[in-house]
Amino acid sequence: MGALNLGGLAAAVAWEVRRAARRVGAWGLLLAAATVLAVGAWAAERHQALAAAGAQQRWLDRPLAVDPVVRAAPSDARDRLHRFDTRLLPHDDLPTQVQDLIALAESERLTVARGEYRPQVDAEGGFLRYRMSLPVRGEWRAVHRFVDSALRAHPSLGLESVQFQRPQVDAVEVEARLQWVVLAQLPRTAVARSTP
């Protein structure tokens with residue numbers, strides 16, 4: 001195969017443009033050029049949206065650096081149980097922690113919709129699971145920063161699930177439903193009733 005002859009190619013393209021101009025006229029040629037530009041702009045925008053979605057997925061798939069709750073394995077089961085009990089949030093601090101979560105979300109410029117809250121008593125374990133479902137709306141990076149900072153700030157808080165919803169592929173904002181659980185102490189009245 002020979003080398004590509006650019007001079008011949010340019011001459012052939014110029015001849016085809018002149019031929020097309022004679023067939024469809026100047027307005028037809030302008031319309032064809034506008035169509036090519038519009039398709040090119042759409043393809044570039046689509047490529048950017050797909051690249052952003054891929055970057056978002058890679059960022060979400062990266063492992064989070066979360067400090068382990070238990071640093072050393074205690075030798076005694078009672079010691080482990082005592083350590084668990086000391087990590088439980090006092091029951092009276094639950095409203096403060098919920099307000100703090102909402103404030104953290106707002107500091108990341110997230111919109112927090114009305115949440116659902118359900119206390120579940122674990123009678124055998126002697127503690128309370130306070131489950132919260134918080135719907136938030138905002139940029140996906142802000143949701144990730146919010147989750148990361150909330151987990152770091154509150155050792156008794158756990159993230160059970162996250163559901164993302166995006167109205168369109170290229171939308172900047174996402175809607176996320178965050179399922180949290182707080183491990184808390186039982187209310188003092190429940191503790192007083194359970195002790196003989």
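What you see is a predicted model; the values in this text were computed from it and never measured. Note that the numbering runs from 1 along the sequence shown for the chain.
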### Query
With a 4.0 Å cut-off, would you call Asp79 and Arg83 a salt bridge?
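So Asp79 does not pair with Arg83 through a salt bridge.
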
#### Entry: CD-NE2 distance between Gln97 and His154, expressed to the nearest 0.5 angstrom
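Gln97 atom CD to His154 atom NE2 measures 5.0 Å (nearest 0.5 Å).
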
### Query
Applying ring pair (Phe, Tyr, Trp, His ring centres under 6.0 Å), which residue pairs with at least one partner in residues 163-182 are found, sequence neighbours left out?
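Qualifying pairs, neighbours excluded: Phe146-Trp180.
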
### Task
Kindly compute the distance separating CD (Glu175) from CZ (Arg166), expressed to the nearest 0.5 Å.
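Here the interatomic distance stands at 11.5 Å.
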
### Query
What are the two closest non-hydrogen atoms of Gly115 and Pro135, and how far apart are they?
CA-CD, 4.0 Å

### Task
With sequence neighbours excluded, tell me which residues meet salt bridge (charged side-chain N to carboxylate O under 4.0 Å, His left out) with Arg19.
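Arg19 satisfies salt bridge (charged side-chain N to carboxylate O under 4.0 Å, His left out) with Glu16 only.
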
### Query
If you measure from CZ on Arg109 to CD on Glu139, what distance do you get to the nearest 0.5 Å?
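That separation rounds to 10.0 Å.
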
### Message
Counting only heavy atoms from other residues, nucleotides and ligands, does the tally under 6.0 Å from CD of Glu45 exceed 12?
### Response
no

### Message
According to ring pair (Phe, Tyr, Trp, His ring centres under 6.0 Å), who are the partners of Tyr130, at least two apart in sequence or on a separate chain?
### Response
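Tyr130: no ring pair (Phe, Tyr, Trp, His ring centres under 6.0 Å) contacts found.
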
### Query
If every non-hydrogen atom of Ala105 is compared with every non-hydrogen atom of Val112, which pair is closest and at what distance?
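For Ala105 versus Val112, the nearest heavy atoms are CB-CG2, 3.5 Å.
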
#### Entry: Gap separating the CG atom of Leu157 from the CG atom of Asp100, nearest 0.5 angstrom
10.0 Å

### Message
How close do Ser133 and Arg177 get, counting heavy atoms only, and between which atoms?
### Response
OG-NH1, 2.7 Å

### Query
Distance from Glu173 atom CD to Thr111 atom OG1, nearest 0.5 Å?
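Going from CD on Glu173 over to OG1 on Thr111, the span is 6.5 Å.
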
## Note on the structure
With Glu108 as partner, the option from Arg141, His144, Arg145 fulfilling side chain to side chain donor-acceptor pair (under 3.5 Å) is Arg145

### Task
Could you check Val136 against Leu178 for side-chain contact (heavy atoms from CB on, under 4.5 Å), going step by step and ending with a plain yes or no?
CA-CA 8 Å; Val136 297; Leu178 305 170; 4.1 Å; yes

### Message
What I'd like to find out is whether the side chain of Met132 reaches to under 4.5 Å of the side chain of Val181, using heavy atoms alone.
### Response
no

### Message
How close do Leu151 and Leu159 get, counting heavy atoms only, and between which atoms?
### Response
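Result for this residue pair: CD2-N, 4.0 Å.
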
#### Entry: Closest contact, heavy atoms only, Gln185 versus Pro90
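Where Gln185 meets Pro90 most closely, the heavy atoms are OE1-CA, 3.6 Å.
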
### Task
Check the hydrophobic clustering (I, L, V, M, F, W, Y; side-chain heavy atoms under 4.5 Å; chains of links allowed) and say if Val162 and Leu104 are grouped together.
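Hydrophobic grouping puts Val162 with Leu104.
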
### Query
Side chain of Asp122, backbone of Gly125: donor and acceptor closer than 3.5 Å?
yes

### Query
To the nearest 0.5 Å, how far apart are CG in Leu89 and CG in Leu94?
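Nearest 0.5 Å value for the CG-CG distance: 5.0 Å.
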
#### Entry: side-chain contact (heavy atoms from CB on, under 4.5 Å) partners for Gln99, two or more places apart
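Not a single residue meets the side-chain contact (heavy atoms from CB on, under 4.5 Å) criterion with Gln99.
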
### Message
Restricting to salt bridge (charged side-chain N to carboxylate O under 4.0 Å, His left out), what partner residues turn up for Asp92, sequence neighbours left out?
### Response
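Expected list: Arg188.
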
### Query
Which residues pass the side chain to side chain donor-acceptor pair (under 3.5 Å) test with Gln120, sequence neighbours left out?
Arg131

